[in-house]
Amino acid sequence: MPLLKPGLRLYKTALDQAAQEALRDELRELLRDAPLFRPAMPRSGNPFSVRMSNCGPLGWVSDISGYRYQAHHPETGRPWPPMPESLLALWRAFSECDLAPDACLINFYDEQARMGAHQDRDEADFSAPILSISLGDSCRFRYGGDKRRDRSESIRLDSGDILVFGGPARLMFHGVDRILPGTSTLLDPDGRINLTLRRAK
Ligand code: MD6
Ligand code: FE
């Protein structure tokens with residue numbers, strides 16, 4: 001098992017080129033129904049550099065009033081599109097969790113976008129892992145410990161990689177230091193997509 005530290009597993013190129021292209025095409029369709037939106041930070045209202053959407057029964061959103069999971073898109077008001085069967089199959093194959101995910105956050109990074117260090121703790125139950133899929137340009141992904149000040153290290157995530165964090169790593173701080181532009185031709189416009197499948201409720 002490809003263990004980076006207890007609870008943190010990295011599967012390099014879990015999706016081959018054909019699977020990456022098929023998933024990209026499904027996402028392109030899905031984002032027509034649930035367009036990327038730009039979330040804002042709670043309190044300050046500062047915009048994120050990452051744009052987001054979701055699929056599945058619940059979606060993660062952030063605006064001036066806070067972070068939460070909700071059943072509808074914040075701009076269209078429509079329910080999130082269903083989670084594609086291909087994503088549910090990846091969850092079954094890699095999560096080592098018997099219960100199905102009910103939320104999938106879709107993050108889109110252009111070459112300037114970053115994700116500051118954070119913990120994912122808006123879910124009701126931390127016993128389920130989060131499964132993350134990378135598509136498109138590579139990035140430097142940083143992860144540390146349960147406290148912001150804990151020592152951290154960075155790894156490169158490439159298109160087709162799957163990262164699963166659960167168990168003792170479920171509440172670790174992590175973020176995206178930078179995108180490595182020009183490292184993939186999968187997406188048009190280019191950039192990076194990260195999908196995170198979760199159990200929110
Ligand atoms: C990213 N990922 O890779 C950001 N969160 O773009 C995350 O924030 C993340 O990879 C929870 C679990 C896995 C992740
Ligand atoms: Fe996260």
Side-chain angles (χ1 to χ4, degrees), residues 2-15 20 23-24 27 36 38-39 41-42 48-54 56 58-62 67-69 87 90-91 94-97 101-148 150 152-181 183-184 186-187 190-200:
L3 200 62
L4 296 179
K5 66 172 196 166
L8 184 62
R9 308 197 301 276
L10 174 61
Y11 300 92
K12 290 301 288 182
T13 327
L15 286 81
Q20 292 173 40
L23 183 53
R24 170 202 62 197
L27 292 170
L36 293 167
R38 193 178 294 283
M41 290 295 292
F48 281 45
S49 61
V50 175
R51 290 186 297 153
M52 297 181 174
S53 188
N54 291 273
L58 291 168
W60 187 87
V61 301
S62 179
Y67 305 133
R68 64 194 169 274
Y69 282 97
L87 293 182
L90 290 170
W91 176 272
F94 291 97
S95 72
E96 299 180 4
C97 177
D102 58 6
C104 173
L105 173 62
I106 303 166
N107 286 156
F108 176 78
Y109 298 75
D110 63 20
E111 63 179 70
Q112 265 89 49
R114 284 163 169 52
M115 174 81 71
H118 66 277
Q119 293 171 296
D120 286 62
R121 51 184 313 155
D122 299 321
E123 300 74 30
D125 179 3
F126 300 140
S127 65
I130 298 182
L131 183 151
S132 144
I133 306 164
S134 293
L135 290 177
D137 283 337
S138 302
C139 76
R140 293 306 309 182
F141 181 83
R142 181 167 293 281
Y143 65 92
D146 287 355
K147 300 193 182 69
R148 194 177 284 278
D150 290 343
S152 66
E153 52 197 302
S154 86
I155 54 171
R156 178 173 163 149
L157 291 181
D158 302 307
S159 195
D161 291 356
I162 287 187
L163 189 63
V164 180
F165 53 113
R170 177 64 181 73
L171 291 176
M172 74 182 185
F173 277 90
H174 59 279
V176 173
D177 287 348
R178 65 186 202 94
I179 301 301
L180 305 175
T183 47
S184 166
L186 184 72
L187 304 180
D190 61 11
R192 172 173 182 265
I193 289 178
N194 175 252
L195 305 168
T196 43
L197 281 63
R198 302 124 184 275
R199 283 182 54 79

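On a predicted model such as this, the values are computed, not experimentally measured, just so you know. As a basis for the values below, the full set of heavy atoms in this structure was taken, side chains included, without hydrogen atoms, waters or symmetry mates. Numbering of ligands and ligand atoms starts at 1, following listing order.
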(message) Is it the case that the side chain of H118 and the backbone of F173 share a donor-acceptor pair, with hydrogens and angles ignored and the cut-off at 3.5 Å?
(response) no
(message) Could you tell me if S184 and D137 have a donor-acceptor pair between their side chains, going purely by distance under 3.5 Å?
(response) no
(request) Run the numbers for me: atoms of ligand 1, each under 4.0 Å from some heavy atom of T196, listed by number. (result) 9 (C), 13 (C), 14 (C)
(request) For atom 14 (C) of ligand 1, find the nearest protein heavy atom and state the residue, atom name and distance (0.1 Å precision). (result) F165 CE2, 3.3 Å
(message) Report the atom name of the nearest N/O/S atom of H118 relative to the Fe ion (ligand 2).
(response) NE2
(request) Starting from the Fe ion (ligand 2), look over the N/O/S atoms of D120 and name the nearest one. (result) OD1
(message) Just to confirm my output: which protein heavy-atom neighbour is closest to atom 2 (N) of ligand 1, and how far is it?
(response) N194 OD1, 3.5 Å
(message) Nearest 0.5 angstrom please: R198 CZ to L131 CG, how far?
(response) 10.5 Å
(message) Need the ligand 1 atom indices (1-based, order shown) with element for anything under 4.0 Å from a heavy-atom of S132.
(response) 10 (O), 13 (C), 14 (C)
(message) Just to confirm my output: which protein heavy-atom neighbour is closest to atom 3 (O) of ligand 1, and how far is it?
(response) R192 NH2, 3.0 Å
(request) Answer yes or no: is there a side-chain heavy-atom contact under 4.5 Å between E153 and F141? (result) no
(message) Distance under 4.0 Å to a non-hydrogen atom of V176: what atoms of ligand 1 satisfy this?
(response) 1 (C), 3 (O), 4 (C), 6 (O)
(message) I'd like to check I106 versus R51 (side-chain heavy atoms, cut-off strictly below 4.5 Å). Are they in contact?
(response) no
(request) For the residue pair F48 and S62, establish whether any side-chain heavy-atom pair is separated by less than 4.5 Å. (result) yes
(message) As an exercise, identify every atom of ligand 1 less than 4.0 angstrom from a heavy atom of D120.
(response) 5 (N), 11 (C)
(message) What is the name of the N/O/S atom of H174 that is nearest to the Fe ion (ligand 2)?
(response) NE2
(message) Within the 4.0 Å heavy-atom shell around H118, which atoms of ligand 1 are there?
(response) 8 (O)
(message) Would you say NZ of K12 has more than 12 non-hydrogen atoms from neighbouring residues, nucleotides or ligands within 6.0 angstrom?
(response) yes
(message) I want to check something: taking the side chain as every heavy atom from C-beta on, are H174 and R142 in contact at a cut-off of under 4.5 Å?
(response) no
(request) Could you find the nearest protein heavy atom to atom 6 (O) of ligand 1 and give me its residue, atom name and distance? (result) Y109 OH, 2.4 Å
(request) Would you kindly specify which portion of H174 sits under 4.0 Å from ligand 1, judged on non-hydrogen atoms: side chain, backbone, both or neither? (result) side chain
(request) Please round to the nearest 0.5 Å and tell me the distance separating atom CG of L135 and atom CG of L157. (result) 11.5 Å
